[in-house]
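Basis for what follows: all heavy atoms, side chains included, without hydrogens, waters or symmetry-related copies. Just so we're on the same page: letters track the sequence lines, and every chain starts at 1.
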Amino acid sequence: MRLATWNVNSIRARVDRVTDWLERADVDVLAMQETKCSDEQFPTMPFAALGYDVVHCGFNQWNGVAIASRVGIDDVAVGFDGQPTWSSDDAVEAAAEARALGATCGGVRVWSLYVPNGRTVDSPHYAYKLEWLAALRDTAGRWLADDPAAPIAMVGDWNIAPTDDDVWSVEAYQDSTHVTPPERDAFAAVVDAGYADVVRPFAPGPGVFTYWDYTRLAFQKRRGMRIDFILGSPAFTDRVTHAEIVREERKGKGASDHAPVLADLAD
DNA sequence: ATGGTAGGGGTCCTA
C-alpha cells in the first residue's frame, strides 16, 4: 500500500495536478491539508473517476483536511476521540475545529493533520498550537496504550521543523514559529509516545525539505523547511519498505508550496 | 530593503 500526504494549498485550484499525480505515482491513500474549501465545495468527481473515495472536513470557513482512498474508507472520525477539548482561548476557538480527520483505509488508521500554524510566538495562536499538540500526544499515546499492535499513521503538515537541519537557514527563522524549543519538544513528545518519522531514514538531511515559500524564488534557491511528516506507530513503521519526498511536484507554475511525501507499506 | 507570491473572498487576511 502506498500512503501519501500533501498540503495542496486549495484543492479546487490544484485538483488536476493532484489527481494527475495520484495516478502517475500509483498512490492508494492520500491525506490532504489546506483544501481551502467547504465540504460541499470539495471536487470529489475527479477523484471518483480514478476510483477514490473521499472524506473531507472543513473548518473555520476557509480551510479543511481530507483523505482520498482507493482501498476503502471506514470508521471516519473527526478530532481526537470526538473530543476537541484542547481549545481554551476565544480568539482561537474558531480555528479549533477539526484539524484532524481520521479514517481506516486498507486496515491502517490514517490521520490527516493540519497542525495550527502559530503565526508568531507572542500570538494566542502559538499558545493554542502547543495545547493542540499536547492533546494530540495524549490521545495518540492512549491509542497505543490501548492497542500496541495498531497500525496508525499520523500524517500531514506539522508546521514544525524538528531540528536545525530541517531549515535552510537558522538565522532566517530566528525568533520565528516552527523552530522554537517548545514546538520541537511537542513534536518530540509525539515521537516519544511511539510514533516514528518513517521518511527520514530514506531522506537524510540536512537540506531536505517539504515546503518552500512562494516568494523570493525560495524553491529555486533551495530555501525550504521540512515540516510535512509521516509518523508511524510501531506496527506501521515495521511495514515501511520505502519513503520519499516528491520534490518534483513542487516545480513549475501552478504547484502547491508543499511537496507530497509518501511511504510504501508491505502487505 | 519587513520586501516577495499565491489563494480565497470580497475591496484584506492567511500562509
Expressed as a whole number of Å, how far does the C1' atom of B:dG9 sit from that of B:dT14?
12 Å
Gap in Å between the two P atoms, one belonging to B:dC13 and one to B:dA1, rounded
26 Å
Which pairs, protein N/O on one side and nucleotides 12-15 of chain B N/O on the other, fall under 3.5 Å?
| unit_1 | atom_1 | unit_2 | atom_2 | d |
| --- | --- | --- | --- | --- |
| B:dT14 | OP1 | A:R119 | NH1 | 3.3 |
| B:dA15 | OP2 | A:R119 | NE | 3.2 |
| B:dA15 | O3' | A:E34 | OE2 | 3.4 |

So does A:A172 get a backbone contact from the side chain of A:S169, meaning a donor-acceptor N/O pair under 3.5 Å?
yes
Residue pairs involving residues 174-183 of chain A (criterion salt bridge (Lys or Arg N to Asp or Glu O under 4.0 Å); sequence neighbours excluded):
A:K129-A:E183
Quantified in whole Å, what is the C1' atom distance between nucleotide B:dT11 and nucleotide B:dG7?
16 Å
Suppose we screen for ring pair (Phe, Tyr, Trp, His ring centres under 6.0 Å). Which residues come up paired with A:F187, at least two apart in sequence or across chains?
A:W158, A:F229
Please give, in whole Å, the distance from B:dT5 P to A:Q220 CD?
12 Å
If you look only at pairs with a residue in residues 37-49 of chain A, which of them pass as a salt bridge (Lys or Arg N to Asp or Glu O under 4.0 Å), with sequence neighbours excluded?
none
Atom CZ of A:F219 and atom C1' of B:dG4: how far apart are they, to the nearest Å?
17 Å
Quick one: list whatever passes side-chain contact (heavy atoms from CB on, under 4.5 Å) with A:R70, sequence neighbours left out.
A:D26, A:D28, A:Y52
For residues 259-267 of chain A, run the donor-acceptor check on the side chains, cut-off 3.5 Å, and write out each pair with its distance to 0.1 Å, sequence neighbours left out.
| unit_1 | atom_1 | unit_2 | atom_2 | d |
| --- | --- | --- | --- | --- |
| A:D264 | OD1 | A:R2 | NE | 2.6 |
| A:D264 | OD2 | A:R2 | NH2 | 2.9 |

Indicate every side-chain donor-acceptor pair of residues 197-206 of chain A with a distance under 3.5 Å to a residue at least two apart or in another chain.
| unit_1 | atom_1 | unit_2 | atom_2 | d |
| --- | --- | --- | --- | --- |
| A:D197 | OD1 | A:V199 | N | 3.1 |
| A:D197 | OD1 | A:R200 | N | 3.1 |
| A:D197 | OD2 | A:R226 | NH1 | 2.9 |
| A:R200 | NH1 | A:A203 | O | 3.0 |

Without decimals, in angstroms, what is the distance between A:Y173 OH and B:dT2 P?
18 Å
Examine distances only and state if a side-chain atom of A:S69 and a backbone atom of A:C105 form a donor-acceptor pair shorter than 3.5 Å.
no
Does a side-chain N or O from A:R223 land closer than 4.0 Å to OP1 or OP2 of B:dG4, or not?
no
C1' atom, B:dA15 versus B:dT2: distance in rounded Å?
16 Å
Taking only side-chain nitrogens and oxygens of A:R216, does any of them come within less than 4.0 Å of OP1 or OP2 of B:dA1?
no
To the nearest Å, give me how far apart CZ (A:R12) and P (B:dG7) are.
12 Å
Residue-level proximity of residues 39-48 of chain A to DNA chain B when a heavy atom falls under 4.0 Å:
none
Expressed in angstrom and rounded to an integer, what is the separation of A:R14 atom CZ from B:dT5 atom P?
16 Å
With A:H56 via ring pair (Phe, Tyr, Trp, His ring centres under 6.0 Å) - residues at least two apart:
A:F42
